[in-house]
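Read through the structure below, which is laid out as structure tokens, and then see the notes.
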Amino acid sequence: MLAELRARARDALEPAHWDYFEGGAGDERTLRANEEAFARVRLVPRVLRATGPRDLRTTLLGTELRAPILVAPTAFHRLAHRDGELATAAGAAAAGAGYVVSMAATTPVEAIAAVAGPWWFQLYLQPDRDFTAALVRRVEAAGCRALVVSVDSPVFGRRERDHRNGFHDLPAGLCCENLRDAAGAVRDIAMDAGLGWAAIGWLRGITGLPIVLKGVLHPADAELAVEHGVSGLIVSNHGGRQLDGAVATADALPAVAKAVGGRLPVLVDGGVRRGADILAALALGADAVLVGRPVLWGLAAGGADGVRLVLDSLAEDLDRVLALAGVRTPAAVPPDLVVSP
Ligand SMILES: Cc1cc2nc3c(=O)[nH]c(=O)nc-3n(C[C@H](O)[C@H](O)[C@H](O)COP(=O)(O)O)c2cc1C
Ligand SMILES: CCCCC(=O)C(=O)O
């Protein structure tokens with residue numbers, strides 16, 4: 001199903017835009033490794049135990065979801081479909097999935113909020129703290145339930161496909177609508193190589209929203225994140241778009257989950273393509289997964305309906321594999337459901 005949508009998305013998109021959505025950094029080693037790591041996992045199902053109805057509902061930081069699945073923050077949805085983030089928001093809401101709106105969204109958060117279910121906002125902390133604070137106020141006012149701070153992007157990864165294609169800017173008429181300043185002028189997103197833990201403390205001091213760090217791979221950073229009072233972690237290598245050669249997320253997850261020790265929710269993204277991948281992520285220590293490119297395939301191929309189809313199919317597939325593995329709920333997935341190769 002996903003493969004078919006992917007093919008339709010490829011047909012629908014300009015080649016340079018397809019490459020932007022699909023590509024990774026460098027030789028795309030980490031991009032490939034994410035899917036390969038999930039494909040290597042082997043499951044050891046239990047039998048005659050899962051008596052009673054299955055229930056996929058999951059609550060994360062007060063946000064109730066139909067299944068442990070969220071839309072990962074991805075940029076520029078109006079490049080994929082004319083309805084852009086509005087279609088993504090509507091599709092995610094129809095599927096009961098969470099939606100993390102990218103800071104590089106091409107639609108204003110107020111318009112997204114009007115059609116979305118529960119949504120979180122992904123932030124690159126800008127060197128201009130006043131601008132960042134104003135944006136936080138704006139998304140709070142629009143109804144955002146959590147801030148996802150991406151910490152894996154002190155600089156941009158080198159995306160060779162984009163260099164080859166000369167793809168550097170959005171076409172005329174599209175822009176990052178949530179980067180307007182008070183005068184209405186649109187800023188570029190700055191990556192800040194000077195960010196340290198103090199910046200997380202600063203953010204903690206200006207908002208009451210839960211703060212989730214996205215892009216943690218090392219267990220020592222997970223420990224520091226807990227010490228700095230964040231509310232959740234996303235084990236992520238940015239879908240292989242930042243540090244090429246970075247560890248696959250399924251391989252990094254167990255050590256991070258162990259370091260966190262249940263003190264915070266741990267989410268993971270990168271290469272999740274099947275219900276069995278979600279089941280594996282849960283067994284390896286995650287509370288939920290985020291899905292990036294497959295949502296973009298659904299969006300490009302079919303707008304809101306395509307997004308809903310992707311998310312519903314993943315939830316249905318998870319329901320089936322839970323049954324086959326002998327588990328009733330996501331929270332009950334035991335670590336010994338997976339064997340290391
Ligand atoms: C086209 C594209 C744009 C992305 N834009 C952002 C972004 O704006 N902010 C962010 O934190 N992550 C961004 N990501 C990374 C995703 O949030 C996520 O980590 C990754 O896509 C997960 O891997 P998957 O695509 O294999 O599911 C982007 C990924 C893609 C593919
Ligand atoms: C300035 C847009 C950032 C998008 C991003 O994070 C990505 O393409 O991976």
Side-chain angles (χ1 to χ4, degrees), residues 2 6 9 13 16-25 28 30-39 69-81 84-85 88 98-106 120-126 147-159 161-162 167-170 174-179 186-192 212-217 233-244 246 248-250 252 267-274 277-278 281 286 288-300 310-311 314:
L2 280 190
R6 181 173 181 270
L13 291 173
H17 299 164
W18 168 258
D19 272 346
Y20 168 70
F21 288 131
E22 200 65 4
E28 303 188 336
T30 295
L31 173 62
R32 286 190 296 278
N34 281 341
E35 287 193 21
E36 287 165 6
F38 277 114
I69 302 173
L70 299 92
V71 174
T74 54
F76 308 160
H77 288 192
R78 288 180 66 200
L79 269 191
H81 189 274
E85 288 81 5
T88 311
Y99 174 24
V100 185
V101 177
S102 166
M103 182 160 176
T106 43
W120 300 355
F121 188 78
Q122 175 265 326
L123 199 59
Y124 291 111
L125 288 173
Q126 299 297 285
L147 293 173
V148 173
V149 180
S150 296
V151 291
D152 58 10
S153 304
V155 297
F156 249 126
R158 186 179 158 80
R159 322 269 172 86
R161 298 194 206 201
D162 296 344
F167 177 74
H168 302 298
D169 284 314
L170 283 168
L174 299 187
C175 68
C176 294
E177 288 288 350
N178 300 297
L179 271 94
V186 180
R187 303 199 173 192
D188 285 334
I189 293 180
M191 302 286 163
D192 185 356
V212 177
L213 293 193
K214 174 172 183 279
V216 173
L217 293 169
L233 289 183
I234 303 176
V235 175
S236 174
N237 52 38
H238 214 108
R241 297 161 73 83
Q242 287 297 106
L243 176 63
D244 194 33
T249 49
L267 285 66
V268 65
D269 72 22
V272 174
R273 303 292 180 263
R274 293 274 179 188
D277 301 338
I278 305 174
V289 302
L290 300 91
V291 183
R293 292 178 183 82
V295 171
L296 294 168
W297 303 335
L299 177 63
V310 166
L311 296 166
L314 284 170

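Atoms within a ligand are numbered from 1 in the order they appear, just like the ligands themselves. Residue numbers count from 1 along this sequence.
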remark   = When rounded to the nearest 0.5 Å, the distance separating CG of L179 from OH of Y124 is 11.5 Å
Pair E22 + R161, salt bridge at N-O below 4.0 Å =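 Answer for the salt bridge query: no.
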Side-chain touch [X]/[Y], heavy atoms, less than 4.5 angstrom:
X: L243; Y: N237; result: no
X: N178; Y: M103; result: no
X: R78; Y: L170; result: no
X: S150; Y: I234; result: no
X: T88; Y: V71; result: yes
X: L79; Y: F21; result: yes

Numbering as shown, the atoms of ligand 1 that approach [X] to under 4.0 Å (heavy-atom distance):
X: F21; value: 1 (C), 31 (C)
X: R293; value: 23 (O), 24 (P), 25 (O), 26 (O), 27 (O), 31 (C)
X: S150; value: 10 (C), 11 (O)
X: S236; value: 19 (O)
X: S102; value: 7 (C), 8 (O)

Heavy-atom neighbours of R159 CZ exceed 12 at 6.0 Å =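 For R159, atom CZ is crowded (more than 12 foreign heavy atoms under 6.0 Å).
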query = Closer than 4.0 angstrom: is that true for some heavy atom of M103 and an atom of ligand 1?
reply = no
Non-hydrogen atom of R273 closer than 4.0 Å to ligand 1 =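 Yes.
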Heavy-atom nearest neighbour in the protein, as seen from [atom], with distance rounded to 0.1 Å:
atom: atom 23 (O) of ligand 1; result: G270 CA, 3.3 Å
atom: atom 19 (O) of ligand 1; result: D269 OD2, 2.8 Å
atom: atom 5 (N) of ligand 1; result: A75 N, 3.2 Å

Could you tell me whether a side-chain N or O of [X] sits under 3.5 Å from a main-chain N or O of [Y], the two making a donor and an acceptor?
X: T30; Y: A246; value: yes
X: T249; Y: V235; value: no
X: E85; Y: T106; value: yes

inquiry  = Heavy atoms only, cut-off 4.0 Å: how does P73 contact ligand 1, side chain, backbone, both, or neither?
reply    =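 Both of them.
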task = Under 4.0 Å, heavy atoms only, figure out whether ligand 1 is touched by the backbone of F76, its side chain, both or neither.
result =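 No part of F76 comes within reach of ligand 1.
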query = Around ligand 2, what residues show up once you keep those with a heavy atom under 4.0 Å from it?
reply = Y20, A75, A104, Y124, F156, R159, I189, H238, R241
query = Of the choices R241, H238, E22, which has the non-hydrogen atom that lies closest to atom 29 (C) of ligand 1?
reply =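 Comparing heavy atoms across R241, H238, E22, the nearest one to atom 29 (C) of ligand 1 lies in R241.
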So is there a nitrogen or oxygen of [X] less than 3.5 Å from a nitrogen or oxygen in ligand 1?
X: G271; value: yes
X: L290; value: no
X: K214; value: yes
X: G292; value: yes

query = Does R293 have any salt bridge (Lys or Arg N to Asp or Glu O under 4.0 Å) partners at least two apart in sequence or in another chain, and if so, which?
reply = none
inquiry  = Below 30° counts as parallel, above 60° as perpendicular, anything between as tilted: where do the rings of F167 and F76 land?
reply    =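 It falls in the perpendicular class, over 60°.
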